[in-house]
Amino acid sequence: MTPLGFETLATLLHRGSGLSIGPDKLYLLETRLAPILRAHALPDLDALAIRLRGAAPELERAVVEAMTTNESSFFRDDKPFAHVRTQALPRLHATRPPGARLRIWSAAASTGQEAYSLAIIVAENRALLGTREVEIVGTDIAREPLARAREGLFTQFEVQRGLPMQMLVRYFRKDGGNWRIAEAIRDMVSFREWNLLGDLRPLGTFDLIFCRNVLIYFDTPTKARALEAMARQLAPDGLLYLGGAETVLGVSDRFASLAGDRAVYGLTPPTAAPQAAVPQMRPLAAVR
Amino acid sequence: MTVDRTQVVLVVDDSRVVRKVARRILEARGFTVEEAEDGSRALEACRRAMPGSVLLDWNMPVMNGLDFLKALREEFGPGNPPVLFCTTENDIDRIEQAIVHGAQEFIMKPFDEEILLGKFEQVGLL
């Protein structure tokens, strides 16, 4: 692949989704974009890069979507979910006025397992929460995984990754060779196509934000921008959950980890100085 | 050499291939694997020396997995050792039966290393 072709693809991915791709990741481009080359009858990645230099928004979207990682499983790395169950939900319920709705955001929802795991936790804690409404919003930049998430249909392999058998029996029913999530759980979650690096304000304020194993794909300035934007969407006493290998240290001073919970963050107290305006990334459709 | 019985997994399956696959995965994670090809032989093995956990097929000749589980719990009490079903059965009523009779987890075949070890982790064996 020519340096110019690589630069075109790397720039598109960075602007479109924040993904940081170095020359050492050429193999990843070759593997993941091969189906797109076939579908568009393009001989190689250079030809794809040339096509992308013209106006091809759908092709741009397909490239970004193919390059984003859609790894997901129910109750992945259990610890943050245990924290929600034993700490966050009881505290929020105790401190919020009666009738106030709680809002949870799964910021890289992929095929929906994380959002549905949170909904299952809420269902399991209905006795504690009483009639309090809980809204769960799952967003992702990739359209195809989101369609699967909305469908709520999972393979036998997927329901065996992380989901205890008691929950499988309680919240799923068999549908042919697959497993369909119960309507009561599905109705608690809405999925929206959203670029984490776009304008997040229309999503509203959240009490809990799950953004796990996303920042690892970003370079430091992009991480800082994403964290700043999420800080603005988090309630003052809300919590941010990152992946176990992620940290805000040296990236953002808006969050501080909770004692004993390296992957759970609260907002740092606001300083007297006004926050500098943070430039938004251009939305994907506008990337040329 | 003394074997730490808590690290022994009794793999009960009438398929030699399944026993071999499970053995390979579990031994790589430090478990000691013992094998039985039906429920009756598995029960005898438990009476001789109790394993730390049981990976259990459902459909087997002589004594099936559910009958083995019932007999095991009746003779040795509830809870211990943990039993993980590993079977081609995948109807909800089968899983419910497994729960009622004291199984800790349920693996639906075909399984792979990730699923098997994930379930062992879920029940606290890893």
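What you see below is based on every heavy atom in this structure, not just the backbone, and it leaves out hydrogens, waters and symmetry mates. Here is how names work: the chains are called A, B, and so on, in the same order as the sequence lines, proteins then strands, and each is numbered from 1.
Put simply, the side chain of A:Leu168 does not reach to within 4.5 Å of the side chain of B:Phe106, judged on heavy atoms.
Within 6.0 Å of NZ in A:Lys25 there are 12 or fewer heavy atoms belonging to other residues, nucleotides or ligands. Residue A:Arg91 qualifies as enclosed at atom CZ: its count of foreign heavy atoms under 6.0 Å is above 12. Around CD of A:Glu183, the count of heavy atoms belonging to other residues, nucleotides or ligands within 6.0 Å does not exceed 12. Within 6.0 Å of CD in A:Gln166 there are more than 12 heavy atoms belonging to other residues, nucleotides or ligands.
Counting only residues at least two apart or on different chains, the side-chain hydrogen bond (donor to acceptor under 3.5 Å, both in side chains) pairs with a member in residues 58-71 of chain B are B:Asn59-B:Glu89.
When each of B:Gln122, B:Met108, B:Glu105 is scored by its heavy-atom pairs under 4.5 Å with chain A, the top score falls to B:Met108.
The contact between B:Asp91 and chain A is made by backbone and side chain atoms together, counting heavy-atom distances below 4.5 Å. For A:Phe75, no part lies near chain B; criterion is any non-hydrogen pair under 4.5 Å. The part of B:Gln104 that comes within reach of chain A is its backbone (N, CA, C, O), which places non-hydrogen atoms under 4.5 angstrom from that chain. Only the side chain of B:Glu114 comes within contact range of chain A, with at least one heavy atom under 4.5 Å from a heavy atom of that chain.
Contacts between residues 9-45 of chain B and chain A, defined by a heavy-atom separation under 4.5 Å, are made by no residue at all.
Contact detail for A:Lys174 and B:Ile92: the closest heavy-atom pair is N-CD1, 4.4 Å.
By the salt bridge (charged side-chain N to carboxylate O under 4.0 Å, His left out) test, A:Arg173 is found to be paired with no residue, residues two or more places apart in sequence or in another chain being considered. With sequence neighbours excluded, no residue forms a salt bridge (charged side-chain N to carboxylate O under 4.0 Å, His left out) with B:Glu113.
Rounding to the nearest 0.5 angstrom, the gap separating the CD atom in A:Gln156 from the CD1 atom in B:Ile107 is 11.5 Å. To the nearest 0.5 Å, the span separating CE on A:Met165 from CD1 on B:Ile95 amounts to 8.5 Å.
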